[in-house]
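Numbered from 1 within each chain, the chains take letters A, B, ... in sequence-line order.
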Protein chains: 2
Amino acid sequence: MIMPRTFDLGIIRGTGMTVAPSATREKIVTAADRLFYERGFEATSFADVAELVGISRGNFYYHFKTKDQILDAVIERRIRDRHEMLCGWVDDGQPPRDCIANFIGILLKNNRKIRSFGCPVGTLFSELTKLDHPGETGARGLFDLFRVWLRHRFQDMGCGKEADALALHILARSQGVATLANAYPDEDFLEREVAQMLAWLDAVADQHNNHH
Amino acid sequence: MIMPRTFDLGIIRGTGMTVAPSATREKIVTAADRLFYERGFEATSFADVAELVGISRGNFYYHFKTKDQILDAVIERRIRDRHEMLCGWVDDGQPPRDCIANFIGILLKNNRKIRSFGCPVGTLFSELTKLDHPGETGARGLFDLFRVWLRHRFQDMGCGKEADALALHILARSQGVATLANAYPDEDFLEREVAQMLAWLDAVADQHNNHH
DNA sequence: GACAGGTTAGGACAAGCGACCTAATGATAA
DNA sequence: TTATCATTAGGTCGCTTGTCCTAACCTGTC
């Protein structure tokens with residue numbers, strides 16, 4: 001397991017020291033995280049975030065020098081959250097097949113948000129790529145997190161060299177399902193596709209159980 | 001086959017008459033189509049389009065009253081182009097299996113653009129949804145065009161009631177592959193997934209050949 | 001030449017944006 | 001109390017945006 005980015009656990013502001021994160025800063029990141037997801041990064045203004053947090057606009061400059069820094073903090077948090085979630089499943093001692101099934105299950109767990117706004121990872125990456133925004137690297141890091149984690153689970157299942165291709169495959173399937181669930185928000189489609197993905201997963205598992 | 005939108009084949013400008021489309025208007029739509037795809041709708045300004053076309057900014061108002069009208073025209077053209085492409089395959093007398101294979105082949109044919117900017121349909125829809133933009137309906141119409149066409153091809157293959165689910169499935173797979181090809185622009189992934197989709201298609205075809 | 005109608009260029013306009021500054025506030029420690 | 005320093009509110013700045021207006025430009029026909 002590789003942490004794709006170093007984590008800024010607090011405010012540094014020139015002192016070179018790591019301090020406990022400010023409560024307001026965390027509120028800003030939380031609000032920005034939500035608005036970047038629901039409205040997109042560019043369409044979200046400082047005023048929007050300030051209104052949601054309930055603070056003054058001008059106050060932002062104290063916590064973040066630029067809008068890009070807020071984006072970095074949001075991506076950082078998203079990576080940390082997903083990282084914890086994924087590692088939690090492994091630490092629980094769940095077998096790799098169940099871990100991957102949990103990943104697929106995210107689509108159902110978050111089905112309402114996904115049907116409204118698509119996948120937080122895919123839509124953010126897509127937007128930043130089009131904007132030629134440096135944050136694209138961080139957004140790709142989110143993909144990397146899932147890709148590497150899935151690869152390791154498939155390796156644990158004994159898939160060997162195929163593991164990375166399988167990881168990308170299931171990642172792509174999830175992205176596609178999220179996109180179409182967003183365009184056609186009827187619940188049946190999502191459940192149907194998740195069931196198919198789980199069946200596919202079990203077929204892969206069986207195939208490698210029989211071989212070894 | 002249903003045309004999801006009526007086509008405005010020219011400029012109306014109050015007269016209620018349909019006139020031959022102006023050359024400048026077509027240039028504007030072409031440039032906007034490209035920029036909306038490469039940079040996104042909101043991030044593309046009138047100045048950007050004007051520069052690409054080589055005309056004055058202020059001139060836009062003569063051809064389009066608002067930016068939204070340009071978007072409508074772009075979506076209209078995209079629908080018309082895809083409609084012609086899809087109908088062309090059917091009119092050529094290609095069997096349904098080959099028609100669907102052609103659809104999957106779009107991913108390879110446009111692989112360079114897709115790896116750079118993602119899928120023109122999916123990314124546009126995703127952006128407009130987040131913006132709560134009325135053009136979302138038109139963008140969904142693009143999905144509808146493919147969905148209905150694919151459904152009819154699967155029906156022609158004898159898939160009956162499953163046809164629509166199969167159409168959505170292959171649509172979702174395409175979307176996911178495009179998204180990940182955008183994030184990881186190495187050629188192998190795209191070719192691998194396309195091969196898998198074609199294998200899946202043949203499996204579906206065989207299944208329904210044996211049954212009947 | 002004179003005229004008319006479709007077309008174009010260039011600029012004006014208010015609104016909103018990110019970035020930035022400064023004075024006021026609040027809590028803590030001497 | 002006083003001093004200190006982190007934090008906040010409110011406002012300004014230059015810039016870009018979409019929208020809109022008007023004068024000039026073609027390119028025909030009379």
Side-chain angles (χ1 to χ4, degrees), chain A residues 10-32 35-36 39-74 127-128 130-135, chain B residues 8-32 35-36 39-74 127-128 130-135:
Chain A
I11 314 163
I12 300 188
R13 273 201 296 281
T15 65
M17 293 186 56
T18 298
V19 196
S22 141
T24 304
R25 191 191 143 102
E26 293 304 296
K27 279 190 204 166
I28 292 175
V29 175
T30 301
L35 292 177
F36 289 174
R39 306 185 189 177
F41 169 69
E42 235 212 345
T44 300
S45 69
F46 277 61
D48 294 332
V49 181
E51 191 190 16
L52 187 58
V53 178
I55 62 169
S56 163
R57 274 161 288 116
N59 190 11
F60 275 79
Y61 191 66
Y62 177 74
H63 296 282
F64 302 95
K65 290 204 197 305
T66 67
K67 195 183 176 185
D68 292 353
Q69 285 188 3
I70 302 183
L71 176 63
D72 286 341
V74 167
E127 181 181 4
L128 296 182
K130 285 190 196 293
L131 294 177
D132 248 332
H133 193 284
Chain B
D8 176 11
L9 290 172
I11 315 163
I12 299 187
R13 273 201 295 280
T15 66
M17 294 186 57
T18 297
V19 197
S22 142
T24 304
R25 190 193 144 101
E26 293 305 296
K27 280 190 205 165
I28 292 175
V29 176
T30 301
L35 292 178
F36 288 175
R39 306 184 190 176
F41 169 69
E42 235 211 346
T44 300
S45 69
F46 277 61
D48 295 332
V49 182
E51 192 190 17
L52 187 59
V53 178
I55 62 168
S56 163
R57 271 164 293 114
N59 192 10
F60 274 80
Y61 190 67
Y62 177 74
H63 296 282
F64 301 96
K65 293 207 196 305
T66 67
K67 195 182 177 187
D68 292 353
Q69 285 189 3
I70 303 183
L71 176 63
D72 287 342
V74 167
E127 181 181 3
L128 296 182
K130 285 189 194 294
L131 294 176
D132 248 331
H133 193 283

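- Applying the 4.0 Å criterion to OP1 and OP2 of D:dC20, one finds that B:Y61 has a side-chain N or O inside that range.
- Among the nucleotides D:dT19, D:dG18, C:dC17, the one closest to the side chain of B:S45 is D:dG18.
- One atom, CZ of B:R57, and another, C1' of D:dT16, lie 11 Å apart when rounded to the nearest Å.
- The nearest whole Å value for the distance from the CD1 atom in B:I28 to the C1' atom in C:dT8 is 11 Å.
- If you measure from atom NE2 of A:H133 to atom P of C:dG18, you get 11 Å, rounded to the nearest angstrom.
- Following rounding to the nearest Å, A:F64 (CZ) and D:dT7 (C1') show an atom-to-atom distance of 14 Å.
- Straight-line distance from the CZ atom of A:R25 to the P atom of D:dA6: 16 Å, rounded to whole Å.
- For the pair A:H63 and D:dT8, the criterion of a side-chain N or O lying under 4.0 Å from OP1 or OP2 is met.
- Taking only side-chain nitrogens and oxygens, A:Y62 comes nearer than 4.0 Å to OP1 or OP2 of D:dT7.
- In terms of heavy atoms, A:T66 sits closest to A:F46 at C-CZ, 4.3 Å.
- Within the 3.5 Å criterion, the main-chain N or O of A:G54 finds no donor-acceptor partner in the side chain of A:K27.
- Taking the side chain as every heavy atom from C-beta outward, B:I28 and B:N59 never approach each other to under 4.5 Å.
- The interatomic distance linking A:L35 (CG) with C:dC17 (P) rounds to 12 Å, in whole Å.
- In this model, a side-chain donor or acceptor of A:S56 finds a partner on the base of D:dG10 within 3.5 Å.
- Crowding of A:Q69 atom CD: a count of heavy atoms from other residues, nucleotides or ligands under 6.0 Å exceeding 12.
- When rounded to the nearest whole Å, the span between CD of B:E51 and C1' of D:dT16 equals 15 Å.
- For the pair A:T24 and D:dT8, the criterion of a side-chain N or O lying under 4.0 Å from OP1 or OP2 is met.
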